[in-house]
Amino acid sequence: MKTTTRALFGLALSVAAMAAQAAVAVPAAVVADGVPEISDDIAAQSRPYLEFRSAGFLGWNPADRSMLVKTRFGSTDQLFQVARPDGARRQISFENEPTPFATYPPAGSPALVVQKDVGGDEFYQLYRLDAGRLTLLTDGKSRNWFGAWSHDGRWLGYSSTRRNGTDADLYVIDPRDPSTDRLVATVSGGGWNISDFSPDGRTALAINRRSINHAVVAEITLADGRLRHLTDPDEAVSWADAHYASDGGIWVLSNRDSDFVRLGQLDPRSGAFTPRSPETRWDVTDYALAPDGRFVAYAINEAGVSRLRVLDPAHGTVRTVEDLPAGVLHWSFGQPLQIAPWGEIGLSLSASDVPGDAFSVDPDTLAVRRWTASEAGGLDLSHNRAPELVEIDSFDGESMSGFLYRPDPDRFPGRRPLIVDIHGGPEGQSRPGFLGTDNYLVNELGIAIFLPNVRGSSGYGTRFLNLDNGPWKREDSVRDIGAFLDALAQDPTLDADRFAVYGFSYGGYMCYASAVHYSDRLRAASCAVAISDFVTFLENTQPYRQDLRRVEYGDEREPDQRAKLAEISPLRNVDRIRVPLLVATGGNDPRVPASEAEQIVEAVRANGGLAWHVLATNEGHGFHKRENRDYIFWAGVTFWQDTLLGAAGDE
């Protein structure tokens, strides 16, 4: 069985060996504290796996029927137009910072609106893009978020925290004339935004998202800002993506009277909800209404896989689109499904062999057309390993599952090391999409990767989602990781003496917590933009996020909850971490401040432990600049080679 001394000795040997080799340069904005020099060989061998691109569908241009996508040809994601399926991508934005979201109005003269931040700070601003240049539409200081276009394409509705930095008030603006910007409703809470405008433009729907399972639908009279609740504010029900129907009703996603989220209609007078999607299991994740109301496209999350369906509202019939890859709707901002004025359904999707590409579907024939074929560094993506579904019963009998990517047994025979990669959220979900750079770990280093869905993950119903809420249930999800470690240790193709954990964001907390509870069963832990102390995290995260996070984790202002949050925080249990750590963080992170990383690195080192710390000073909650992402990936490869494959791993 391994020991901490052995692991540290192996790391020291590896660091000494690499000192004599050529090393990659540390990017100008990165502080690499305690990280050894990274061999040029690692960069050269892995480089093809870093060259993949993905194309994220953002919408349609009604003027010329082209598709708007984002992709990366330089350091950051920028905007491109694609005129036809399999057409060339024509770049239309040229920023140093990523441009993660943009949208055309559904009608009227084109006015492309862009939402972007600076340095990952998430204080998003709205801009109008003309001939490659941006014109600022918002105040340049607060957090602003696109909501919806009016049906005639003149008005854009959005939310902004400019009044006090906390509450997301509701605004409208004509992007062609920034002087038209006006406040239409003052609200309380950071989860508000405009969801749709009525066809006549007199009212708008707004949603206040208090938590993943508690939201409120309201209607605003735009002339005077009068706000009327359409659902009970005290009813703990999820409501999302509300849109006016042609018959005067309201289409919406909700889990009312169901364990799963369904697509249905809300009666604005009685508040009654009528489901229209027939599925009794699996969440409806996204939908879009045809402009003429004759069909609705919607996606369900079937055990992690996105299934696209087309509903005929008049007759209730549902057809399934069969010719899309078996993968996951691929998006980060806005609506992943959009229907063009001429009826074509647009989306982007990723799978084990699709890095993320844009597709369209004919609503009548259900024929699929692929608009982009993203480059993958010359690699044959058909060689990527498809995941296997692993199902277990946890410590208390709760059923749960995850996805296991095994290396090719012909190339890597015998028992292989394993990284357990824990998703964030905590209401996220591990789904069988494209592994990205981690394909290098599986395909070239022979490391298996397991993506678990512990209690609290979305996609498995409201009851399952709520099983980790509050400080007293929080560590039950950590115990789920222990149950997965037990089950995977029995797999004859995996080496239980070479298991490790990785986690990002809340998954980073799970990474630290796993190192606290299971150091005797792990070789290493790599934890990125991670919560190390729930109390300091809740005190220091941005004000517009605090109430939303307190619903999930607990309220640090309440003495009993504060005490429990402190008790379960990895920082307060650092003496139990006996494996090497790799810690990565963004200097501008508004969600999990960089201080969360700094304090645990200092504590681990003070306790005699080993911690590599990578700080990207020009990034936020994630790493979006190419040079930073590459360096952090190479640091990770070095870390895994040292702890899982090097002198500390292979005997």
Side-chain angles (χ1 to χ4, degrees), residues 1-4 7 388-405 415-426 428-430 447-457 460 464-527 530-532 534 553 564-565 567-581 600 609 643-644:
M1 196 65 180
K2 62 185 180 300
T3 65
T4 303
E388 303 171 22
L389 182 67
V390 174
E391 298 177 293
I392 69 162
D393 289 336
S394 192
F395 66 93
D396 57 355
E398 188 69 41
S399 297
M400 55 195 59
S401 62
F403 295 97
L404 177 61
Y405 292 79
R415 293 178 177 269
R416 301 308 305 167
L418 171 77
I419 298 170
V420 179
D421 183 343
I422 310 168
H423 69 70
Q429 181 187 14
S430 293
I447 300 174
I449 293 180
F450 179 65
L451 310 180
N453 283 309
V454 297
R455 70 192 66 211
S457 303
Y460 304 94
F464 191 82
L465 185 64
N466 288 335
L467 288 178
D468 67 341
N469 286 1
W472 285 275
K473 296 181 180 180
R474 181 59 44 200
E475 288 194 314
D476 285 351
S477 59
V478 183
R479 296 174 71 185
D480 292 336
I481 295 297
F484 277 120
L485 293 175
D486 288 342
L488 294 166
Q490 304 306 310
D491 190 308
T493 72
L494 302 176
D495 183 355
D497 283 343
R498 291 188 290 166
F499 282 8
V501 289
Y502 170 83
F504 183 94
S505 189
Y506 173 77
Y509 154 72
M510 292 287 287
C511 175
Y512 288 144
S514 296
V516 168
H517 289 273
Y518 307 119
S519 271
D520 60 335
R521 302 165 66 182
L522 298 171
R523 278 288 176 93
S526 175
C527 314
I531 300 167
S532 62
F534 281 113
Y553 300 130
K564 186 63 178 178
L565 287 166
E567 177 188 324
I568 66 174
S569 291
L571 184 65
R572 316 296 177 103
N573 296 277
V574 74
D575 59 310
R576 298 169 62 186
I577 297 177
R578 300 184 303 279
V579 296
L581 293 185
I600 199 164
T643 56
L644 296 180

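Being a predicted model, the structure only gives us computed values, none of them experimental. All residue numbers in this chain count up from 1 along the given sequence.
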Should R416 and I447 count as side-chain neighbours, where that means a heavy-atom distance under 4.5 Å?
no
Any residue meeting side chain to side chain contact (heavy atoms under 4.5 Å, CB included) with D393, in chain and number order, not counting sequence neighbours
S399
V420 and F499, any side-chain heavy atoms less than 4.5 Å apart:
no
Correct closest heavy-atom pair for P471 and I568 would be O-CD1, 3.7 Å
Using the side chain to side chain contact (heavy atoms under 4.5 Å, CB included) rule, take V454 and M510 through it: C-alpha gap first, then chi angles, then the decisive distance, then the call.
CA-CA 10 Å; V454 297; M510 292 287 287; 4.2 Å; yes
Has S430 got a side-chain atom pairing as donor or acceptor with P452's backbone, closer than 3.5 angstrom?
yes
Can you tell me how far CD of E398 sits from CG of D476, rounded to the nearest 0.5 angstrom?
10.0 Å
On a heavy-atom basis, which atom in S394 and which in D480 lie closest, and how many Å separate them?
OG-OD1, 2.6 Å
Least distance between heavy atoms, I577 atom then Y512 atom:
CD1-O, 4.4 Å
What verdict does the side chain to side chain contact (heavy atoms under 4.5 Å, CB included) test give for V579 and Y518, after you've listed the backbone C-alpha separation in whole Å, the side-chain angles of each residue and the deciding distance to 0.1 Å?
CA-CA 9 Å; V579 296; Y518 307 119; over 6 Å; no
Any donor-acceptor pair under 3.5 Å from S519 side chain to R578 backbone
yes
For E475, salt bridge (Lys or Arg N to Asp or Glu O under 4.0 Å) partners two or more places apart:
none
Below 6.0 angstrom between ring centroids: does that apply to Y509 and Y506?
yes
To the nearest 0.5 Å, tell me how far T643 OG1 sits from L581 CG.
11.0 Å
Which residues pass the salt bridge (Lys or Arg N to Asp or Glu O under 4.0 Å) test with D396, not counting sequence neighbours?
R455
Quick one: closest heavy-atom pair of I600 and P570, and the distance?
CD1-CB, 4.2 Å
Is the shortest heavy-atom distance from the side chain of V574 to the side chain of R576 under 4.5 Å?
no
Can you list the residues that meet the side chain to side chain donor-acceptor pair (under 3.5 Å) rule with Y460, with sequence neighbours excluded?
Q429, N453
Distance in Å, N466 CG paired with F464 CZ, rounded so as to fall on 0.5 Å steps:
11.0 Å
Mind checking what makes side chain to side chain contact (heavy atoms under 4.5 Å, CB included) contact with C511, not counting sequence neighbours?
V501, A525, C527
Donor-acceptor pair, side chain of R415 and main chain of L494, under 3.5 angstrom
yes
When Y405, F403, F484 are each screened for ring pair (Phe, Tyr, Trp, His ring centres under 6.0 Å) with F450, the one that passes is F484
Is there side-chain contact between L418 and L404, with heavy atoms separated by less than 4.5 Å?
yes
OG on S505 to NE2 on H423, rounded to 0.5 Å
11.0 Å
D421: partners by salt bridge (Lys or Arg N to Asp or Glu O under 4.0 Å), with sequence neighbours left out
none
Would you compute the distance between atom CD of E567 and atom CH2 of W472 and round it to the nearest 0.5 angstrom?
9.5 Å
Under a 4.0 Å threshold between the charged nitrogen and the carboxylate oxygen, would R521 count as salt-bridged to D497?
no
Between N573 (side chain only) and S569 (backbone N and O only), is there a donor and an acceptor less than 3.5 Å apart?
yes
Does a donor on one side chain and an acceptor on the other come within less than 3.5 Å for S477 and D468?
no
When rounded to the nearest 0.5 Å, the distance separating CG of L451 from CD1 of I422 is 10.5 Å
Looking only at non-hydrogen atoms, find the nearest pair between A487 and I392 and report the distance.
CB-CG2, 3.7 Å
Check whether any side-chain heavy atom of F534 sits under 4.5 Å from a side-chain heavy atom of K564, and report yes or no.
no
